Amino acid sequence: MAYWLIKSEPEECGLTHFIAASDQGIPWDGVRNYQARNFIRAMQPGDRVLLYHSSCQRVGIAGELRVISEPYPDPLQFDPDSRYFDAKATRVVPRWTAIDLVLASALSRLVPLVELKRMKAFKSSPLVKKGNRLSVMPLTREQWLAVEKIA
DNA sequence: GCCAACGTTGGC
DNA sequence: GCCAACGTTGGC
């Protein structure tokens, strides 16, 4: 079982969306960055995921999710009407990958970025680095436990 | 809204 | 294969 963190704009797909879909989960699609994609491809059912709210008034970690599918080809890459359409992707050789996630639990409070920056466990994490744009990243067990402890 | 960081694209 | 231009991300 591995630990991950994913970023999302709460307006787009945040904690409230996962609460609303808490019985069936939500496909995590539309990722168009190779490094993030490669992390998605390494995910397995049962993996634990922290949901981070980005580009909003209160940036920080809002909830815990769980992976409930194997990685699969992101259907949006084949849809010409989607903003995530990719003309260079084929059914035989898909380029982008999606995964299904379900809410495990909302944190008792939002753990803000400023607080993460102070935590020893996140000292070297790309999450707290200025200019970081990685939207999917692995977490160490230490980082996961550190968040659970203070949430 | 601003700006820094960084990935992608395309000309050469 | 280099690198400038451009677009996007994301904190503030």
Side-chain angles (χ1 to χ4, degrees), chain A residues 2-21 25-43 47-67 71-140 142-151:
Chain A
Y3 300 98
W4 309 92
L5 180 142
I6 60 169
K7 290 184 198 169
S8 179
E9 300 185 14
E11 311 296 319
E12 285 290 316
C13 186
L15 183 62
T16 55
H17 298 81
F18 278 99
I19 290 173
I26 293 178
W28 198 255
D29 49 25
V31 172
R32 294 295 179 268
N33 169 281
Y34 285 105
Q35 205 178 349
R37 180 205 68 180
N38 292 342
F39 287 134
I40 290 174
R41 287 183 175 177
M43 290 183 180
D47 282 2
R48 315 286 294 274
V49 180
L50 291 180
L51 177 65
Y52 176 90
H53 285 174
S54 67
S55 299
C56 58
Q57 289 201 343
R58 298 172 67 229
V59 293
I61 299 170
E64 293 181 16
L65 312 175
R66 191 180 302 272
V67 177
Y72 58 93
D74 181 346
L76 301 182
Q77 69 194 305
F78 308 123
D79 178 3
D81 295 327
S82 171
R83 60 180 287 217
Y84 297 112
F85 177 69
D86 186 339
K88 291 177 180 169
T90 66
R91 302 268 175 186
V92 179
V93 188
R95 181 175 292 199
W96 305 110
T97 306
I99 199 132
D100 294 342
L101 300 170
V102 72
L103 182 70
S105 65
L107 297 190
S108 62
R109 68 183 181 96
L110 182 121
V111 178
L113 178 60
V114 281
E115 200 166 328
L116 295 167
K117 284 179 176 173
R118 289 200 300 265
M119 292 165 63
K120 192 181 163 192
F122 283 89
K123 201 79 178 174
S124 61
S125 169
L127 183 65
V128 301
K129 295 256 165 60
K130 187 180 178 183
N132 166 53
R133 294 165 61 189
L134 189 58
S135 62
V136 179
M137 69 188 77
L139 292 177
T140 64
E142 182 196 12
Q143 288 167 337
W144 177 275
L145 293 174
V147 171
E148 289 233 307
K149 193 175 175 185
I150 61 162

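Model, not experiment: these values are computed from the prediction. Reckoned from all heavy atoms, side chains included, excluding hydrogens, waters and symmetry mates.
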Contact list (N/O, under 3.5 angstrom) for nucleotides 8-10 of chain C vs protein:
from: dT8(C); atom 1: O2; to: Arg133(A); atom 2: NH2; distance (Å): 3.1
from: dT9(C); atom 1: O4'; to: Arg133(A); atom 2: NE; distance (Å): 3.4
from: dG10(C); atom 1: OP1; to: Lys7(A); atom 2: NZ; distance (Å): 3.0
from: dG10(C); atom 1: OP1; to: Arg133(A); atom 2: O; distance (Å): 3.3

Quick check: does any side chain N or O of [X] sit under 3.5 Å from a backbone N or O of [Y], one acting as donor and the other as acceptor?
X: Gln143(A); Y: Ala121(A); result: yes
X: Lys7(A); Y: His53(A); result: no
X: Asp47(A); Y: Ala2(A); result: yes
X: Glu12(A); Y: Glu9(A); result: no

Selection residues 95-128 of chain A - residue pairs positive for ring pair (Phe, Tyr, Trp, His ring centres under 6.0 Å), sequence neighbours left out: Tyr34(A)-Trp96(A)

Under 4.0 angstrom, heavy atoms only, what part of the nucleic acid is Lys130(A) near: base, sugar-phosphate, or nothing? sugar-phosphate

By a strict heavy-atom criterion of less than 4.0 Å, which residues belonging to residues 84-98 of chain A are in contact with DNA chain C? none

At what distance, to the nearest 0.5 angstrom, does CD1 of Ile6(A) lie from OG of Ser54(A)? 10.0 Å

Close side-chain approach of Asp100(A) and Trp28(A), heavy atoms under 4.5 Å: no

Any luck finding a side-chain donor-acceptor pair between Thr97(A) and Arg41(A) under 3.5 Å? yes

Starting at OH of Tyr34(A) and ending at C1' of dG7(B), how long is that distance when rounded to a whole Å? 11 Å

